[in-house]
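Below: one structure, written as C-alpha cells.
Given the structure is predicted, the values throughout are model-derived calculations rather than measurements. Worth knowing before you read on, the calculation uses all heavy atoms, side chains too, and leaves out hydrogens, waters and symmetry mates.
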Amino acid sequence: MSALVSLNNGLKMPLVGLGCWKIPRDICAEQVYEAIKLGYRLFDGACDYGNETEVGEGIHKAISEGIVKREDLFIISKLWNTYHDPKHVKMALQRTLDDMKLDYLDLYYIHFPIAFKYVPMDIKYPPGFYTGEEDWKKGILTEEHVPYMDTYRALEKCVDEGLIKSIGISNTPGALIQDVLRGCRIKPAALQIEHHPYLTQEKLLEYCKINDIQVVAYSSFGPQSFVDLGQGLAKSTLPLFDHPVIKKIAEAHDVSPSQVILRWATQRGIAIIPKSSHKERLLINLKIDESVTLTDAEIQEISKLNQNIRFNDPWDWMDSKFPIFH
C-alpha cells in the first residue's frame, strides 16, 4: 500500500492512487479490481470521465470478495462544470453515488472554476463540452452566472449530510483559493492541479502548504498525457521521458524516467494519480517511495526544468475563452 498523508480534516489519504481518466469502459472495472488486489486504495474519478459505473463495479467486486472493506478505500470524484448551480450540486453528486453504488465519497472536487449552462441529464450525460445543440454547432460554450462560492457552499451542505467527507478544489488559481479560504465554513482539504517538471507552480505549492491544503498532481508526465488527444503543444514539446536531465538522473539510480518524475513529486509531499494498464507498471508506481530517493540537488535540478507550459488550459477550449490562468 501507499504511504498516507493527513488531510486538514483528520482523514488519511494515500499518497499514490490510480487515476481513472481515459480508462476505457470495457476494461475499467477489471483494472480497478486488479489495482485493489495489488494494493491500491485511492481511486480518482470524475463524472466527466464517463466510467464511474465501471469504477464502482470494480470496487464492489473487490468488496464482495472480502479483499477490502469500503472504509479501506479512498474514493474521489469531481463535480462537472455543468452542475455548478447550487440546486444542481447535490443532484450531480447523487448521480455519481448512484452510478458507483456508494453511500459517500471521501473527497469531491469542483473540477474547474467554470460554470457551464445546465444540461439536463436525460438530454446528455455526462455532458462534457456540450451546452446545447446550437452552441455545439457554433463551437462555443455558454456559461451560467453562478459565483464559485455558491457552488462551494452547496458542497459544504453535502458534507453536513454525510454524502462527502472532504471538499476539494481543482484547477484553481491562488487568488480564488484565497477567496475560498476567506468565505468557507469547511476548509478545502485538497487542491488538484496539473503539475510536472514543465509546470512546477512553486508559489502555489507554498501557499497550499502554508494553509494546510494537500496538493494532488495530475498529468505528472506533462505532454505524455495529451499527445493522444491531438494537442499540438503536447506534440511539439520534448517528452519528459526523453529529457537529458531526467534520463541522466534515472540512469544514476538505475530506474526509469517515469519513476524519477513521480518520485520528484512524492518526495516533496505531493500526491500522485498516475494511470497504467500494465500490472508491473501499476506496482512500480504504487511502490515509488521504495524504489528511489532523489538527492536535494536532483530535486532542484528537475524543478529548474519549469517553463510554465500548461497543457490543460480552458482558454483553448473550443471558441470560448475562460481566463482562469491568465
Side-chain angles (χ1 to χ4, degrees), residues 2-3 5 13-23 35 38-40 42-44 170-171 190-206 208-209 214-229 231 233-313:
S2 164
V5 292
M13 185 181 84
L15 194 63
V16 180
L18 181 68
C20 299
W21 182 41
K22 296 194 292 186
I23 299 181
L38 284 175
Y40 278 82
L42 183 149
F43 295 88
D44 181 274
S170 180
N171 299 297
L191 167 70
Q192 187 172 116
I193 56 171
E194 180 182 343
H195 178 265
H196 44 75
Y198 288 148
L199 183 67
T200 58
Q201 306 198 69
E202 300 292 348
K203 292 178 181 178
L204 185 59
L205 299 185
E206 183 179 352
C208 287
K209 186 174 183 179
Q214 175 64 46
V215 175
V216 180
Y218 72 79
S219 299
S220 294
F221 303 134
Q224 187 75 18
S225 300
F226 298 93
V227 169
D228 64 341
L229 300 179
Q231 199 217 59
L233 180 59
K235 290 181 177 180
S236 63
T237 302
L238 177 67
L240 281 164
F241 296 159
D242 296 332
H243 196 288
V245 169
I246 302 296
K247 290 175 70 176
K248 178 192 70 173
I249 294 172
E251 289 168 4
H253 291 275
D254 194 25
V255 295
S256 68
S258 65
Q259 286 172 283
V260 168
I261 294 168
L262 294 179
R263 188 61 175 128
W264 168 75
T266 64
Q267 208 165 318
R268 294 177 300 134
I270 298 169
I272 54 173
I273 47 170
K275 177 180 74 72
S276 178
S277 57
H278 301 289
K279 183 176 180 179
E280 181 182 353
R281 178 59 56 190
L282 283 169
L283 200 54
I284 288 172
N285 292 346
L286 185 64
K287 295 178 175 289
I288 192 65
D289 290 356
E290 301 172 20
S291 61
V292 60
T293 299
L294 304 176
T295 67
D296 290 344
E298 288 169 335
I299 289 174
Q300 290 172 16
E301 192 174 8
I302 295 169
S303 295
K304 287 178 181 177
L305 299 181
N306 178 56
Q307 299 178 43
N308 295 320
I309 298 177
R310 186 182 299 279
F311 298 101
N312 191 12
D313 189 346

After noting the C-alpha distance and the side-chain angles of Val245 and Lys304, does the key distance pass the side chain to side chain contact (heavy atoms under 4.5 Å, CB included) rule? CA-CA 10 Å; Val245 169; Lys304 287 178 181 177; over 6 Å; no

Worked verdict on Glu202 versus Asn306 for side-chain hydrogen bond (donor to acceptor under 3.5 Å, both in side chains): CA-CA 10 Å; Glu202 300 292 348; Asn306 178 56; over 6 Å; no

Is there a side chain to side chain contact (heavy atoms under 4.5 Å, CB included) between Val260 and His253 once you walk through the steps? CA-CA 9 Å; Val260 168; His253 291 275; 5.6 Å; no

Quick one: do Val16 and Ile272 satisfy side chain to side chain contact (heavy atoms under 4.5 Å, CB included)? Show the steps, please. CA-CA 5 Å; Val16 180; Ile272 54 173; 3.9 Å; yes

Apply side chain to side chain contact (heavy atoms under 4.5 Å, CB included) to Val215 and Gln201, showing your working. CA-CA 11 Å; Val215 175; Gln201 306 198 69; over 6 Å; no

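Every salt bridge (charged side-chain N to carboxylate O under 4.0 Å, His left out) that Lys22 has, sequence neighbours left out, goes to Asp228.
Looking at Gln231, its side chain does come within 3.5 Å of a backbone N or O of Phe311 through a donor-acceptor pair. In terms of modelled atom types and a separation under 3.5 Å, the side chain of Arg281 and the main chain of Ser276 share no donor-acceptor contact. Distance alone, capped at 3.5 Å, places no donor-acceptor pair between the Glu298 side chain and the Ile249 backbone. Ser291 contributes a side-chain N or O that, together with a main-chain N or O of Ile288, makes up a donor-acceptor pair within less than 3.5 Å. No donor-acceptor pair closer than 3.5 Å links the side chain of Thr200 to the backbone N or O of Pro197.
Asp289 approaches Ala3 most closely through the heavy-atom pair OD2-CB, 4.0 Å. In this structure, His196 and Ser220 approach most closely via the heavy-atom pair CB-O, 3.3 Å. Considering every non-hydrogen atom in both Pro14 and Leu42, the closest pair reads O-CD1, 3.6 Å. Closest non-hydrogen pair, Ala190 versus Val216, comes out as CB-CG2, 4.4 Å. Nearest heavy-atom pair, Leu262 versus Pro274, reported as atom, atom and distance to 0.1 Å: CD1-CG, 4.1 Å. Closest non-hydrogen pair, Ala271 versus Met13, comes out as CB-CE, 3.9 Å.
Taking 4.5 Å as the limit, every side-chain heavy atom of Ile246 sits out of range of all side-chain heavy atoms of Pro239. Looking at heavy atoms from C-beta onward, Leu191 lies in side-chain contact with Leu204 at the 4.5 angstrom threshold. Side chains of Asp44 and Trp21 form no contact here, defined as non-hydrogen atoms less than 4.5 Å apart. Gln224 is not listed as a side-chain neighbour of Leu240, based on a closest heavy-atom distance of 4.5 Å or more.
To the nearest 0.5 Å, the span separating CG on Asn308 from CG on Leu199 amounts to 6.5 Å. For the atom pair NZ of Lys235 and OG1 of Thr237, the computed distance is 12.0 Å after rounding to the nearest 0.5 Å. Here Gln267 contributes atom CD and Ile299 contributes atom CD1; the two are 4.0 Å apart, rounded to the nearest 0.5 Å. The line from SG of Cys208 to NZ of Lys203 is 14.5 Å long, rounded to the nearest 0.5 Å. Atom-to-atom distance recorded for Ser225:OG and Asn312:CG is 9.5 Å, nearest 0.5 angstrom. Within the model, atoms CG of Leu18 and OG of Ser2 stand 12.0 Å from one another, a figure rounded to the nearest 0.5 Å.
Of the residues listed (Gln300, Arg263, Arg268, Glu301), the one engaging Leu294 in a side chain to side chain contact (heavy atoms under 4.5 Å, CB included) is Arg263, and it is the only one. With His195 as reference, Trp264 is the one residue of Phe221, Trp264, Tyr218 to meet the ring pair (Phe, Tyr, Trp, His ring centres under 6.0 Å) rule.
Note on ring orientation: taking the six-membered ring where Trp is involved, the planes of Phe43 and Tyr40 are tilted (angle from 30° to 60°).
For CG of Asp254, the number of neighbouring non-hydrogen atoms (other residues, nucleotides, ligands) closer than 6.0 Å is 12 at most. Residue-environment remark: CD (Glu206) stays at or below the threshold of 12 foreign heavy atoms within 6.0 Å.
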